[in-house]
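One structure is given here, and the rest of the page talks about it.
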Amino acid sequence: MSHFVLIDGNSVANRAFYALPLLSTSAGLHTNAVLGFTTMLLKVLEEMKPTHIMVAFDAGKVVFRHSEYAEYKGGRSKTPPELSEQFPLIRELLDAFSIKRFELEGYEADDIIGTLTKQADEQAWKTTVITGDKDMLQLVSEHVSVALTRKGVSEIELYTPQEIHEKYGLKPLQIIDLKGLMGDSSDNIPGVPGVGEKTALKLLHEYGSVEQVLENIDKVSGKKLQENLRENVDKANMSKALATILREAPVELDVQDTGFEGYDGVPVSEFFKKMEFKSLLSKIKVAQPADGSGQADAKPFSFEMISEENKVAYESKLTSPMALYIEMDGENYHHAPFLGIGLAAEDTVMFVPWDVAKEWKVLCEWLADPAKEKWVFDGKRDTVGIAWHDLAIKGISFDVYLASYLLNATESNPTLDSIAAQYAQTRVLSDEEVYGKGAKRLVPEMDVLSEHVAHKAAAIWQSVPVLREQLAENEMEKLLGELEAPLSMVLALMEKQGVKVNSERLVQMGEDLDKKLAGLTDQIYELAGGAFNINSPKQLGEILFDRLSLPVLKKTKTGPSTSADVLEKLAPYHPIIDAILTFRQLGKLRSTYIEGLTKEIHTKTSKVHTLYNQATTATGRLSSTDPNLQNIPIRMEEGRKIREAFIPSEDGWYMLAADYSQIELRILAHISQDENLIDAFQKGMDIHTRTAMDVFGVSEEEVTSLMRRQAKAVNFGIVYGISDYGLSQNLNITRKEAGDFIERYFDVFSGVKRWMDEIVQQAKADGYVTTLLNRRRYLPDIRSSNFNLRSFAERTAMNTPIQGTAADVIKLAMICMQEAIEEKGLASRMLLQVHDELVFEVPENELEVMRKLVPEVMESALSLNVPLKADVSDGRTWYDAK
DNA sequence: GTGATCACGCAC
DNA sequence: GGCGTACGTGATCACG
C-alpha cells in the first residue's frame with residue numbers, strides 16, 4: 001500500500017532550531033536545525049515507510065495574504081541568521097536522501113501542502129503531513145493525517161479525524177473556525193479579544209462555525225463576551241480567512257513524481273560526516289528497503305503491575321543495570337508521600353505500588369545493594385526521599401537529570417518528559433498532564449499513574465546510551481562522573497541532615513519587629529496625611545509623587561520607581577522617606593526571613609531541610625529553595641541577626657563557616673594570565689586597594705576609602721562583564737566617568753582586557769563558552785544583530801567562565817571535604833553551601849581539626865597559578881561564626 | 001478563588 | 001538601553 005508523506009520544511013526547521021542548543025561544526029557552521037530535521041526525517045522514514053515523500057518550503061517575499069491583512073506575520077521576529085544559513089544545508093540533506101523538495105514563489109509551504117493533500121485525497125491516497133503548525137490540522141480527512149512535532153522534533157503526535165474529535169470535539173475543518181475565534185499570536189491572527197481556546201471551543205460546540213456564532217450573538221451567554229463578539233465581527237471573519245489554508249495553489253507537481261524507494265547510504269553518510277553528526281552515522285544502513293519487510297514495527301508499550309501476590313515471580317527481574325524512578329506526590333521530597341516505583345531494563349518494565357514496594361524485602365535489598373547499578377532521574381531526590389522512609393538506595397551509576405543539564409544548562413531544571421522527547425523513543429507525559437496543576441492537582445487512578453511511572457522508567461532506560469554518547473562528544477564524562485554525580489550524594493546528606501533553627505529566637509525577633517513596624521506605620525501615615533498600603537509601590541507612588549510632589553527620578557514599566565536607590569536620593573526632601581526605607585527593611589525581614597523561614601521548619605526535626613537545585617543555573621552554581629538558605633541577610637546588622645537562629649543540632653557543638661576570599665578574581669587572574677593581577681594575589685595584597693593604587697596611580701598610603709570603594713565596584717563590574725552604564729549606576733557617577741575608570745583599569749590590567757576580547761571572539765566562533773572543568777553554556781544571541789541581545793551575550797561570555805569555574809571549584813571542595821570527614825571518622829557535618837562559603841556543625845573536640853582541615857581542603861581543591869585562600873571562623877550560632 | 005506577572009530586595 | 005547568578009514576598013490584574 002502506498003503512503004504519501006508531506007513535510008512542512010520551514011515549520012520543522014524552525015522547531016528544530018529553537019528546540020536544540022546552537023550546535024556547530026568545528027568549522028563554525030551551525031547545524032542544530034539540520035540535526036533536528038535529520039532526526040525527524042530518519043524517524044519518519046523508519047516508522048511511516050513512505051512510498052512517496054516530499055518537502056515543501058516557503059518561497060519569495062510576497063505572501064498572498066499580505067494584501068488582505070497588512071499586519072499578517074507582523075508579530076513574527078525575523079528569521080535569525082543562524083537559522084537562515086541552515087536552509088541550504090537542509091536542501092543538501094534532502095538531495096543526499098534523494099527526496100523531492102518543492103517551493104512556489106509567493107506561496108507558503110502550507111498552501112503547497114494544502115493543494116497537494118487535496119489532490120492526494122481525491123485519489124484516496126494514504127497521506128501524512130509532518131509539521132509543527134497546528135493550523136494544518138484543518139487538512140485532516142479520511143485519507144489524510146497530520147503529525148505534529150512535539151517539544152523538539154523527535155516526538156510526533158498523529159492526528160486523524162478521531163483524534164481531533166477526541167481532543168477538541170471538532171471536525172477538522174472547524175479548526176479554521178477555532179483559529180478565527182481565538183486567533184494565533186504566533187501568526188499574528190487577531191481572533192476575538194477575550195476569547196481563548198476554552199471559550200472558542202464552547203462556542204463552536206454550540207454553534208458550529210464562526211458564521212453561525214456571529215448570527216447568534218444574542219443567544220451567547222456572558223455580557224462581556226457578547227459585546228466582544230459584536231465589536232469584532234470583522235476581525236473574526238478576517239481571522240478565519242487568514243487561518244484558511246489555500247488548497248488551489250498553482251502547483252505543477254505530479255504526486256507520482258515523488259516516489260521514494262529508500263536512500264543510498266553513501267551520499268547520506270558523506271553529508272553526515274560534513275555535518276559532524278557522529279552519532280547518526282552509525283544508524284545509516286547502506287541499503288534501506290522501502291517496504292520495511294522483515295523489520296517489525298515498534299512493540300506496543302506494556303508493563304507489569306507488581307502486587308503482593310505476584311511479586312515473587314519478578315524477583316529475578318531485578319537486574320543490573322536497571323532504570324529506576326520513584327514517583328512521589330509533590331515537589332518537596334522531604335515531605336512528599338511515595339506513590340510507587342517504576343523499573344525498566346532491556347525487556348522488562350514494571351510498576352510497583354509503594355505499599356507493595358516497602359514490604360518487598362528483595363526489592364529493598366536490591367535498592368540498597370551498591371553492586372546493583374541504577375540509572376535514575378535525579379538521584380538526590382531518590383536518595384533523600386527514601387531516607388525519610390528509613391531505607392537506602394546505593395549504586396546509582398547514571399543520572400539522566402544531571403546529564404541532560406550538563407548538555408544544555410540553559411534549559412534549566414530538565415523534566416523527564418522533555419528528556420524523553422529528546423533522547424528516548426518512549427513518550428512521557430508531563431506531570432502536569434497527569435496530575436493537573438495548582439488547585440486542581442490530583443493523584444490519578446492507579447491505572448493512569450502506573451502507566452505514567454512505567455513510561456518514566458522506560459524513558460530513563462532508553463535515554464542513558466544516547467546521553468552517554470553526547471556527553472562523550474562534548475568531553476563531559478568526567479564533569480558528570482567525578483563532579484556532579486558525586487556532589488549530588490554529598491548534597492543529599494546535607495539536605496537530609498538539615499540545619500537546626502532556634503524558633504523561639506525567631507518568634508522573639510518577630511515580636512520586636514512587629515512593634516517597630518507598628519510604630520513606623522503610624523509615623524508614615526501621619527507624615528503622609530492618611531493611611532495607605534505602604535507595601536504597594538503603586539499606592540506609595542501616589543503618596544510620594546502626587547500628594548507630596550516629590551520629583552520622579554526613575555520610572556518602571558508601570559509607573560514611577562520607588563526602589564531603595566531612588567528613595568535614598570529623595571531622603572533630603574521629606575522625612576517620610578527614611579521611615580519608609582526602614583519600614584521596607586524591617587518588613588522584608590519579617591515576611592521573608594521570620595515568617596518565611598518559620599513556615600519551613602520541619603515538624604519532626606525542628607530543622608530546615610532546604611532543596612539544593614543542581615540543575616537550575618546557567619552558570620553551574622547551585623540554587624536553594626524551600627527555604628532559600630543562600631540569601632540569609634548579612635550586610636546590615638539588623639538582618640544579620642537572623643543568623644543567630646541557625647544553631648548546631650547537638651548540645652555543646654559549634655557552627656563553623658569558611659569562605660573563599662576573592663575566588664572569582666583569582667580565577668580571572670588564572671584564566672586571563674594577567675601579570676599584574678597574578679602579582680597582586682601572589683603578594684597576598686588586598687585586591688581592592690591594589691586595584692585603587694594601579695587605577696589612580698597612587699601609593700598604598702594614598703588610597704582613600706572612596707578610591708577603594710570605587711575600585712571595589714570596578715572589580716565587581718569586571719567579574720560581571722562590565723558596561724560603563726552599569727558601573728555608573730552602581731557608583732552614582734556619570735557614564736563618561738565610569739567609562740574612564742574602565743579604560744584606566746584595562747590599561748593597567750591589559751591581560752584581562754586581552755582575555756575578555758578573546759573570550760567574546762571565541763564565543764562568536766563556537767556559539768558557547770566553557771569553564772575550567774569544561775562545563776558549557778550556549779550563547780545563542782552572541783551573533784545577534786540586536787545590539788542589546790548581543791551585548792548581553794557578550795557580558796555573559798565574560799562572566800560565565802569566571803562564575804562557572806568558581807562553582808566548579810567549590811563543588812570539588814565539597815566532595816573532597818565530605819571524603820575527608822569520612823576518612824578521618826569525624827563527627828562534624830557539612831550543612832550549607834552559599835556559593836563561596838561552606839557551613840559546618842562541629843563538636844567541640846573537633847574544632848581544632850576542622851579549623852585547619854576545612855581551609856586546607858578548600859584551598860587545594862584545584863591548583864591555579866595564583867593561590868586560593870579560604871578564611872574560617874566559628875561560634876555558637878551562624879551569626880557568631882564571623 | 002487561582003494563577004501569572006511585576007516590583008522589590010536579599011544573597012554571592 | 002544596559003553590570004552577572006539565583007529565590008521569595010506582596011500587590012495587582014486577568015480569568016473563570
Side-chain angles (χ1 to χ4, degrees), chain A residues 193-196 198-199 202 222 224-225 409 412 437-441 533-541 554-567 581 584-585 587-597 599-600 610-613 616-636 639-640 642-643 659-660 662-664 713-731 735 738 742 777 786-792 794-804 806-807 810 832-837:
Chain A
V195 175
K198 294 273 160 61
T199 315
K202 202 185 78 191
K224 186 76 187 161
L225 181 57
S412 80
K437 64 172 175 173
K440 290 196 273 296
R441 202 192 125 91
N533 185 345
I534 311 168
N535 277 322
S536 160
K538 195 172 162 217
Q539 294 182 36
L540 179 60
K554 198 166 92 178
K555 279 185 178 166
T556 70
K557 269 185 257 186
T558 48
S561 167
T562 66
S563 61
D565 60 318
V566 172
L567 293 187
L581 282 166
R584 280 253 181 95
Q585 201 193 349
K588 173 92 179 175
L589 291 179
R590 181 170 67 174
S591 64
T592 305
Y593 296 104
I594 305 284
E595 287 167 6
L597 203 56
K599 275 188 221 134
E600 296 291 342
T610 189
L611 300 171
Y612 283 110
N613 202 321
T616 292
T617 68
T619 54
R621 275 189 177 182
L622 299 177
S623 79
S624 153
T625 59
D626 306 300
N628 178 359
L629 295 181
Q630 292 182 319
N631 70 344
I632 304 300
I634 190 164
R635 292 173 197 193
M636 308 295 280
R640 191 174 193 153
I642 299 283
R643 294 178 175 228
D659 66 309
Y660 279 112
Q662 302 300 344
I663 186 167
E664 287 170 331
V714 173
N715 278 329
F716 267 97
I718 293 294
V719 168
Y720 293 154
I722 201 155
S723 77
D724 51 4
Y725 176 83
L727 185 65
S728 72
Q729 286 297 296
N730 208 274
L731 282 177
R735 201 165 147 164
I742 294 168
R777 177 174 183 179
N786 177 319
F787 176 82
N788 278 327
L789 288 178
R790 191 178 62 245
S791 302
F792 186 64
E794 286 171 358
R795 288 195 294 275
T796 314
M798 300 183 246
N799 165 261
T800 297
I802 303 174
Q803 192 180 111
I810 193 160
L832 295 174
Q833 189 253 40
V834 195
H835 309 309
D836 66 353
E837 175 187 17

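Letters A, B, ... mirror the listed sequences (proteins, then strands); counts begin at 1.
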Could you tell me the separation between the NZ atom of A:Lys554 and the P atom of C:dG1, rounded to a whole number of Å?
16 Å

Is any side-chain heavy atom of A:Tyr660 closer than 4.5 Å to a side-chain heavy atom of A:Ile810?
yes

Output yes when at least one side-chain N/O atom of A:Ser561 is less than 4.0 Å from OP1 or OP2 of B:dA7, else no.
no

Kindly say whether A:Asn628 contributes a backbone atom to a donor-acceptor pair with the side chain of A:Thr625 at under 3.5 angstrom?
no

Nucleotide forming a Watson-Crick or wobble pair with C:dC15, both distances under 3.5 Å
B:dG1

NA contact type, A:Ile634, heavy-atom cut-off 4.0 Å: base, sugar-phosphate, or nothing?
sugar-phosphate

Taking any heavy-atom pair under 4.0 Å as a contact, classify A:Asp626: base, sugar-phosphate, or nothing.
sugar-phosphate

Return the nearest nucleotide to the side chain of A:Asn631; candidates are C:dG10, B:dG9, C:dT5.
B:dG9

Base, sugar-phosphate, or nothing: which does A:Arg584 touch, judged by heavy atoms less than 4.0 Å apart?
sugar-phosphate

Within this structure, what is the NZ-to-C1' distance between A:Lys599 and C:dG8, rounded to whole angstrom?
9 Å

Any A:Gln833 side-chain nitrogen or oxygen under 4.0 Å from OP1 or OP2 of B:dC12
no

Just how far, in rounded Å, is C1' of B:dC12 from CG of A:Asn715?
15 Å

When we call it a touch if two heavy atoms are under 4.0 Å apart, what does A:Asp836 touch: a base, just sugar-phosphate, or nothing?
sugar-phosphate

So A:Asn628, base contact, sugar-phosphate only, or nothing? Heavy-atom distance under 4.0 Å.
sugar-phosphate

Answer with base, sugar-phosphate or nothing: what part of the nucleic acid does A:Tyr593 contact at a heavy-atom distance below 4.0 Å?
sugar-phosphate

Phosphate oxygens OP1/OP2 of B:dA11: is one of them under 4.0 Å from a side-chain N or O of A:Arg635?
yes

Residue from A:Thr610, A:Thr617, A:Thr616 passing side chain to side chain donor-acceptor pair (under 3.5 Å) with A:Asn613
A:Thr616

Spacing of CD1 belonging to A:Ile632 relative to CZ belonging to A:Arg643, to within rounding of 0.5 Å:
7.0 Å

Where the side chain of A:Pro633 is concerned, which of B:dC10, C:dC3, C:dT5 is the nearest nucleotide?
B:dC10

Only pairs with both distances under 3.5 Å count, Watson-Crick or wobble alike; so what is the partner of C:dG1 in this structure?
none

From C:dC3, C:dT9, C:dA6, nucleotide with atom closest to A:Ser591 side chain:
C:dT9

Closest nucleotide of DNA chain C for A:Glu595 versus for A:Thr796: which of these residues is on the 5' side?
A:Thr796

What integer number of Å spans the C1' atoms of B:dC10 and C:dG2?
22 Å

Does A:Lys440 make a side-chain N or O approach to OP1 or OP2 of B:dG3 shorter than 4.0 Å?
no

Treating A:Arg590 as the side-chain partner and A:Glu595 as the backbone partner, does any N or O pair qualify as donor plus acceptor under 3.5 Å?
no

Using side-chain heavy atoms (C-beta onward) and a distance below 4.5 Å, is A:Ile642 in contact with A:Ile594?
yes

Look at A:Ser623 and C:dT5 and indicate whether a side-chain polar atom (N or O) is within less than 4.0 Å of OP1 or OP2.
no

Separation of A:Arg640 atom CZ from B:dC10 atom P, in whole Å?
15 Å

Answer with base, sugar-phosphate or nothing: what part of the nucleic acid does A:Arg621 contact at a heavy-atom distance below 4.0 Å?
base

Regarding A:Arg735, tell me which of base, sugar-phosphate or nothing describes its non-hydrogen contacts under 4.0 Å with the strands shown.
base

Identify which nucleotide among C:dT12, C:dT5, C:dC3 has an atom closest to any side-chain atom of A:Lys538, counting heavy atoms from C-beta outward.
C:dT12

Spacing between A:Lys557 atom NZ and C:dG1 atom C1', to the nearest angstrom:
13 Å

Hey, does A:Ile632 reach any base, or is it just sugar-phosphate, or nothing, if we go heavy atoms under 4.0 Å?
sugar-phosphate

Expressed in angstrom and rounded to an integer, what is the separation of A:Arg590 atom CZ from B:dC8 atom P?
20 Å

So what does A:Ala564 touch, heavy atoms closer than 4.0 Å: a base, only the sugar-phosphate, or nothing?
sugar-phosphate

Check whether any side-chain N or O of A:Gln630 sits under 3.5 Å from a backbone N or O of A:Gln833 as a donor-acceptor pair, and report yes or no.
yes

Suppose you measure atom P in B:dA7 against the same atom in C:dC3; what distance do you get, rounded to whole Å?
14 Å

Nucleotide of C:dC3, B:dA11, C:dT12 approaching A:Arg643 most closely (side-chain heavy atoms):
B:dA11

Measure the distance from CD on A:Gln585 to P on C:dT9 and round it to the nearest whole Å.
18 Å

Looking at A:Thr556, I'd like to know whether one of its side-chain N or O atoms comes within less than 4.0 Å of OP1 or OP2 on B:dC6.
no

Specify the separation, in whole Å, of atom CG of A:Asn613 and atom P of C:dG8.
11 Å

Any side-chain N or O of A:Thr625 less than 4.0 Å from the OP1 or OP2 oxygen of C:dC7?
no

Identify whether any heavy atom of A:Ala807 sits under 4.0 Å from a base atom; if not, whether one sits that close to sugar-phosphate; answer base, sugar-phosphate or nothing.
nothing

Given C:dT9, C:dC3, C:dA6, identify the nucleotide with an atom nearest to the side chain of A:Thr592.
C:dT9

Pick base, sugar-phosphate or nothing for A:Ser791, based on heavy-atom distances below 4.0 Å to the nucleic acid.
nothing

Are any of the side-chain heavy atoms of A:Val714 and A:Leu727 separated by less than 4.5 Å?
yes

C:dT12 OP1/OP2 closer than 4.0 Å to side-chain N/O of A:Ser536
yes

With heavy atoms under 4.0 Å as the rule, sort A:Thr800 into base, sugar-phosphate or nothing.
nothing

Donor-acceptor pair, side chain of A:Ser728 and main chain of A:Ala738, under 3.5 angstrom:
no

Any side-chain N or O of A:Asn533 less than 4.0 Å from the OP1 or OP2 oxygen of C:dA11?
yes

Mind checking A:Gln539 for me? I need base, sugar-phosphate or nothing, with any heavy atom below 4.0 Å counting as a touch.
sugar-phosphate

